[in-house]
Amino acid sequence: MVVKTVRGTSDILPFDIDTWQALELVSRNLLETYDYREIRTPIFEQAGLFQKSVGESTDIVSKEMYVFSDKKGRELALRPEGTASIARSFIEHNMNTQTLPVKLYYIGPFFRYERPQAGRTRQFHQIGAEAIGIEDAGLDAEIIDIAVQIPSKMGIKNLKVMLNSIGCEECRAKYVKQLLEHLKSRIKKLCADCNRRYSANPLRILDCKKSECIQLVKDGPTITENLCAKCRNKLETVEKHIKSLNIDYQIQPYLVRGLDYYTGVIFEIIHSQLGAQNVVAAGGRYDNLIEQMGGKSTPAVGFAAGIERMIMLLANKDFSNNSVYLAYLDFPMDKKVFAFLAGLRQNGIHTKTTYQKKTLKNQLKTAAKLGCKFSLILGVNELSKGTVILRDMKTSTQEEIKLDNAVSIIKKKFPL
RNA sequence: GUGGGUGUAGCUCAGUUGGCUAGAGCGUCAGAUUGUGGUUCUGGAUGUCGCGGGUUCGAUUCCCGUCACUCACCCCA
């Protein structure tokens, strides 16, 4: 049997890579202008890191993590998400002594052992950012702003921002108590999953998709109207900020997060064309995580966006670069042709050509097929005159130019 | 982890109520007089019919298993 990629993983082939690279470039530029710096943490970590931070009760840690032991018996795990590693690194390198907030971003692969589905693979990629050390609603709004702008700048439309707050520890605890109280007498009406959630992770009942549960939840209290004054005020401030940026959002009182470390304001950016996995990006505050992991009490806020999910939404867009095609007629390639070709490339002109004997007709056909905006035709006549024909593939017009001027003329015709 | 659907050329798919050399479109390659593409025409190449086993004189078609893809649940970016 021929070896294939393992389940839930795939090759990102050159055919698709333009979109990936464009997305990465747009994201990096944007994040850098917002003063975030890239951090690259290891792909694998001690398994305990994720148990402590993401939470042992979550499926991510208890069922979906790739855990293995190395030759010395160390329990390691392929990272299932990004924030835990960054919190670890923040503590390990005493980043709390730097000017706060420390703003970090990452782009890379993550691993979860899940059943593959549209927008869900076992190796997947995220772009994320974290602003650590300052508890200001402006940073929450900034994170949301960035999370919206990355897909928007790529041309993704119809994004919806869902916003909520799950409160601080105090108001959340009070609310959970109320919620459990409300559901207690009706627990038998809840679905099997929600019965499990009732004891394991009650807030998760809020975003159950089953109609019977939705109805019961609707009749009960919402966290949004049970926030303490401080938490309500923060949520309202975030709203004010993102309103000023004309970000279209809506308060979703039943929005919760799956990871244990979230506190306060949380959000999701969703897109209807993605199917069941409709979340493009999500995030929120996690003010207790760093302290809980052994660092000083440090507030933080961040987000992560699913790269594959954005790529799905960009499937019919073309991000390929401009290029020219060099057609020539004496085979094998004359040394003058070779030198000209090398010169184009040394000057930063993305040049395609053939390396086997082809007719001129064939070469132009190829050039058109490859999407080259211009073709350069360098036959024996031109070579003897020291010229080359520059053909505009769109208008089918051409001019004969001097070999020496070719680079500057092409560069003027299209900025690379 | 649970449930449904699918698996035939590079791609999209047809097909055989079980039987001779398995098809189409697209793509690809070559050609339609000498150095000019995206239209047209002609011709060529390519498939262990996902893999393994069973039933049968005979299976790509039926059965079982398995792997993968896909959709939903679950989980979550």
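Quick note on labels: first sequence line is chain A, next is B, and so on, each numbered from 1.
- Interface remark: the A:Gln117 side chain does not form any donor-acceptor pair with the B:U70 base, using a distance-only criterion of under 3.5 Å.
- On the P atoms, B:G31 is 14 Å away from B:G37, given to the nearest whole Å.
- Counting atom types as modelled, A:Asn381 pairs a side-chain N or O with a base atom of B:G35 as donor and acceptor under 3.5 Å.
- Going from atom CZ of A:Arg204 over to atom C1' of B:C76 covers 7 Å, rounded to whole Å.
- The aromatic ring of A:Phe124 sits over the base of B:A77, with ring centres less than 5.5 Å apart and planes inclined by under 30°.
- Looking at A:Asp287, its side chain does come within 3.5 Å of a backbone N or O of A:Ala300 through a donor-acceptor pair.
- Considering only the side chain of A:Arg257, B:A77 comes nearest among B:A77, B:A30, B:C73.
- On a pure distance criterion of 3.5 Å, no polar donor-acceptor pair joins the side chain of A:Ser375 and the base of B:G37.
- Across all strands shown, B:C69 forms a Watson-Crick or G-U wobble pair, both distances under 3.5 Å, with B:G5.
- Closest to the side chain of A:Lys365, from the set B:C76, B:U36, B:G37, is B:G37.
- With respect to A:Glu135 and A:Arg285, no salt bridge is recorded, no charged nitrogen being found less than 4.0 Å from a carboxylate O.
- Residue A:Ser396 places a side-chain atom within donor-acceptor reach of the base of B:G37, judged by atom type and a 3.5 Å distance cut-off alone.
- Across B:U36, B:C75, B:A30, the shortest atom-to-atom separation from the side chain of A:Gln277 is found for B:C75.
- Considering only side-chain atoms of A:Leu364, the nucleotide from B:C73, B:A77, B:G37 that sits closest is B:G37.
- Put simply, the side chain of A:Glu382 and the base of B:G35 share a donor and an acceptor less than 3.5 Å apart.
- Dashed line: the shortest gap from a side-chain N or O of A:Arg115 to OP1 or OP2 of B:G3 is not under 4.0 Å.
- In this structure, of B:U28, B:U36, B:C76, it is B:U36 that holds the atom nearest to the side chain of A:Ile389.
- Closest approach to the A:Gln398 side chain among B:U36, B:U28, B:A30 is made by B:U36 (side chain taken as heavy atoms from C-beta onward).
- Here the side chain of A:Asp59 is nearest to one of B:C75, B:C29, B:C71, namely B:C75.
- Ranking B:A72, B:A77, B:C69 by closeness to the A:Arg7 side chain, first place goes to B:C69.
- Counting heavy-atom neighbours within 6.0 Å of A:Glu212 CD, excluding the residue itself, gives a total above 12.
- Counted by atom type alone, A:Glu382 and A:Thr387 present zero donor-acceptor pairs between their side chains at under 3.5 Å.
- Contact of the A:His241 side chain with the A:Ile144 side chain is not registered, since no non-hydrogen atoms from C-beta on lie closer than 4.5 Å.
- Comparing the same atom, P, in B:C13 and in B:U70 gives a spacing of 13 Å after rounding to whole Å.
- Taking the C1' atoms as reference points, B:U55 lies 11 Å from B:G18, given to the whole Å.
- A distance of about 11 Å separates the C1' atoms of B:A9 and B:A45, rounded to the whole Å.
- Distance from the side chain of A:Tyr113 is smallest for B:G1 among the nucleotides B:G1, B:G37, B:C75.
- Residues A:Tyr36 and A:Ile146 have side chains in contact (heavy-atom distance under 4.5 Å, counting atoms from C-beta outward).
- When the C1' atom is compared between B:G7 and B:U61, the two are found 14 Å apart, to the nearest whole Å.
- Nucleic acid contact class of A:Gly275 (heavy atoms, under 4.0 Å, all strands): sugar-phosphate only.
- Taking only distance into account, the side chain of A:Arg120 meets the base of B:C74 through a donor-acceptor pair shorter than 3.5 Å.
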